[in-house]
Structures are given as structure tokens and as C-alpha cells.
Peer 1: 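Take this structure, written in C-alpha cells, and hold onto it; I'll ask about it next.
Just so it is clear, the structure is predicted and the values come from calculations on it, not from any experiment. Atoms within a ligand are numbered from 1 in the order they appear, just like the ligands themselves.
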Amino acid sequence: MIIPAQSLLATLTFVSLALAHGWIGKVTIGSKSYLGNPPALYSTNPPPSVIRQIADVPPVKDVCSADLTCGTQATPAALQAPAAPGDPISVEWHTLAGAGYWFHDVGPLMVYLASCAGVASCAELDSSETTAAEWFKIDEQGRDGNGIWAQDKLDAGAPASFVLPQTLKSGHYLLRHEIIALHTAQYVGGAEFYVGCVQLNVTGHEEGAPNAKAGELVRIPGAYTPTDSGILIDVYDLLPSDAYPFPGPPVAALVSHAESGGASTSTQGKIRTTLPGVQTTEKPTAAKTTTSVKG
Ligand SMILES: *[C@@H]1O[C@H](CO)[C@@H](O)[C@H](O)[C@H]1NC(C)=O
């Protein structure tokens with residue numbers, strides 16, 4: 001049988017892109033690691049976790065969707081992870097592809113928290129209650145001074161890393177980690193949102209809280225529009241020195257500058273490691289010649 005090269009290529013491209021989409025497979029808080037379950041489509045009757053399970057791997061593309069809160073049809077997790085203010089946290093995104101590494105490499109990484117006050121555990125917040133929660137941003141990582149995205153490190157196998165605010169008030173929190181893949185974001189609806197939530201039990205005696213009057217608290221969905229300048233954007237037009245306009249609220253003031261990840265000024269990712277047999281680029285060659293509709 002002769003398969004036309006073009007349809008074979010299309011099939012392979014489709015398969016590799018589907019494999020590239022993912023979920024939070026592991027979170028490390030301080031020195032302790034917790035596993036997340038693959039999406040429900042691939043994992044029925046999963047063991048209890050601190051990471052909310054999503055239904056399937058494709059990205060959320062509608063910024064008004066309830067799936068933007070914690071990922072596609074995310075369900076509450078049974079457990080909460082103990083955490084302390086100032087703990088380093090790393091999040092590993094897993095995919096269905098062999099090596100399991102993240103695949104996309106352009107776009108920001110952001111982290112939000114929402115208090116689960118009023119319930120005994122974040123496990124009690126169902127999806128509609130989670131959507132109604134008020135979120136504040138604790139970290140955002142864009143590009144370094146050479147124009148290298150923080151997301152680029154993930155496809156070499158590195159986890160996304162950040163720090164829990166030093167002064168964070170104790171209590172139960174949902175931690176929302178978000179990757180926005182911007183490789184087709186020059187079109188309205190082209191940005192891809194990958195999100196997952198981890199349930200935390202934060203100990204200690206700190207009192208740091210977000211400032212609602214400063215606009216630090218948002219609903220998700222609700223915090224973004226399809227034409228925000230960081231969501232409708234031709235990233236291949238950016239100069240290395242151009243600042244990326246992060247969508248959503250500012251990083252909450254309770255996060256001191258010293259502890260914020262702020263990849264736009266850090267030197268991380270300067271050296272690109274290419275792993276044999278792992279596709280490390282997805283830059284569409286046509287991107288430079290398309291006419292973008294910038295907002
Ligand atoms: C939260 O942590 C405290 C302190 O370790 C513990 O007493 C409490 O049972 C935990 N609560 C939940 C719901 O995880």
C-alpha cells in the first residue's frame with residue numbers, strides 16, 4: 001500500500017501534537033514529592049493525590065471556559081500537601097510522549113493561589129466553587145534578556161520552579177499552575193492554556209494576604225480576554241529585548257521582588273540543551289510571513 005507522503009506527514013504531526021499536550025504529573029514542595037494522575041481518559045480509579053485530575057490532555061483555548069480554572073473538567077483531589085511559606089515548589093508537566101517532556105517552547109509560565117477559606121479542606125471545593133474562587137498571582141516567568149522563554153526549559157526536561165511567598169498566611173489554598181503556549185497566538189483563539197491545580201495546607205504564623213483594592217484578586221475565568229496583548233500576540237515578531245505583557249493581575253505585593261521568579265530579568269535558559277531524538281522546536285516556518293492581527 002502506498003500512503004501519500006502528505007497524509008502520512010499530517011497524521012504524524014497530529015499524533016505528535018496530541019502527545020505533546022499534558023498534565024501536572026508531579027509536584028515537589030520543599031523536599032517532598034507528590035504524583036499527579038494522568039487524565040481520567042487514561043487513568044480510571046486513580047490513587048488519591050494532592051493534584052486535581054483533569055479529563056483529557058488538549059489545551060483550553062477559550063478564556064471564558066470554566067476549564068480555565070483548573071484544567072479540563074478537573075475534579076477535586078482527595079488530599080492536601082503540607083507546605084510552609086518560603087518553600088521552593090517545582091511542577092513537572094508530563095505528556096503522553098515517550099520521554100514525557102513538555103513540548104511547547106514559547107509563552108509564559110504563571111502561578112496563582114486561591115484561599116479555600118470556609119471549608120475544612122480544598123477537597124470540598126467542587127468545580128463551580130473553584131470557578132467562583134478569588135485568585136492572586138504569585139509568580140510569572142516570561143523571557144530572559146536573550147529572548148529565551150522560561151517554557152523552553154520544560155522541553156529539555158526541567159520542572160517549572162518558583163517559591164511560595166515568605167509571608168503567606170496559613171490556611172488551605174489551591175495552587176494553579178499555568179502554561180500559555182503562544183506558537184499560534186497571532187490569531188484570535190490561537191493561544192493554548194494548560195492549567196492544573198494542587199491542593200495545599202499552608203502552615204506557619206504569617207499573615208500575608210493579597211490586596212483586593214490594588215486589583216490583585218481575580219476570577220478565573222474572568223481575568224483574561226481573547227485580545228489581551230499577551231494572548232493575541234505574534235511572538236515571532238518580538239525582539240529579544242521586548243518585554244512580554246503578562247495577562248492577568250500584577251504579581252501580588254505580598255510577594256517580595258527577591259523571591260519572585262521573574263524570568264524576564266534572570267539568566268535562566270541561556271544555554272539550550274538539545275536531547276537526541278527529542279524534537280525541541282515547533283516554530284512554524286510560515287509564522288514570519290503571516291499577517292498578524294494584533295490587538
Ligand atoms: C493541615 O495541617 C495541619 C498542621 O499540620 C494539620 O493539623 C491539619 O490536619 C491539616 N489539615 C488538612 C485538612 O490537611
Peer 1: I want to check something: taking the side chain as every heavy atom from C-beta on, are Trp135 and Leu174 in contact at a cut-off of under 4.5 Å?
Peer 2: yes
Peer 1: List below, pair by pair, the N or O atoms of ligand 1 and of the protein that are less than 3.5 Å apart, including the distance to 0.1 Å; reply 'none' if no pair qualifies.
Peer 2:
residue: ligand 1; atom: 2 (O); partner: Asn201; partner atom: OD1; Å: 3.4
residue: ligand 1; atom: 2 (O); partner: Asn201; partner atom: ND2; Å: 2.3
residue: ligand 1; atom: 11 (N); partner: Asn201; partner atom: ND2; Å: 2.9
residue: ligand 1; atom: 14 (O); partner: Gln80; partner atom: NE2; Å: 3.2
residue: ligand 1; atom: 14 (O); partner: Asn201; partner atom: ND2; Å: 3.0

Peer 1: Quick check on the hydrophobic clustering: are Tyr34 and Val198 connected, directly or via other members, by side-chain heavy-atom contacts under 4.5 Å?
Peer 2: yes
Peer 1: Is Glu207 salt-bridged to Lys169, going by a charged N under 4.0 Å from an acidic O?
Peer 2: yes
Peer 1: Do Leu175 and Leu254 belong together in a cluster built from hydrophobic side chains that touch within less than 4.5 Å?
Peer 2: yes
Peer 1: Compare all side-chain heavy atoms of Ser90 with those of Val27 and state whether any distance is below 4.5 angstrom.
Peer 2: no
Peer 1: With Arg176 as the cation and Tyr112 as the aromatic partner, state whether NZ or CZ is under 6.0 Å from the six-membered ring centre and within 45° of the axis.
Peer 2: yes
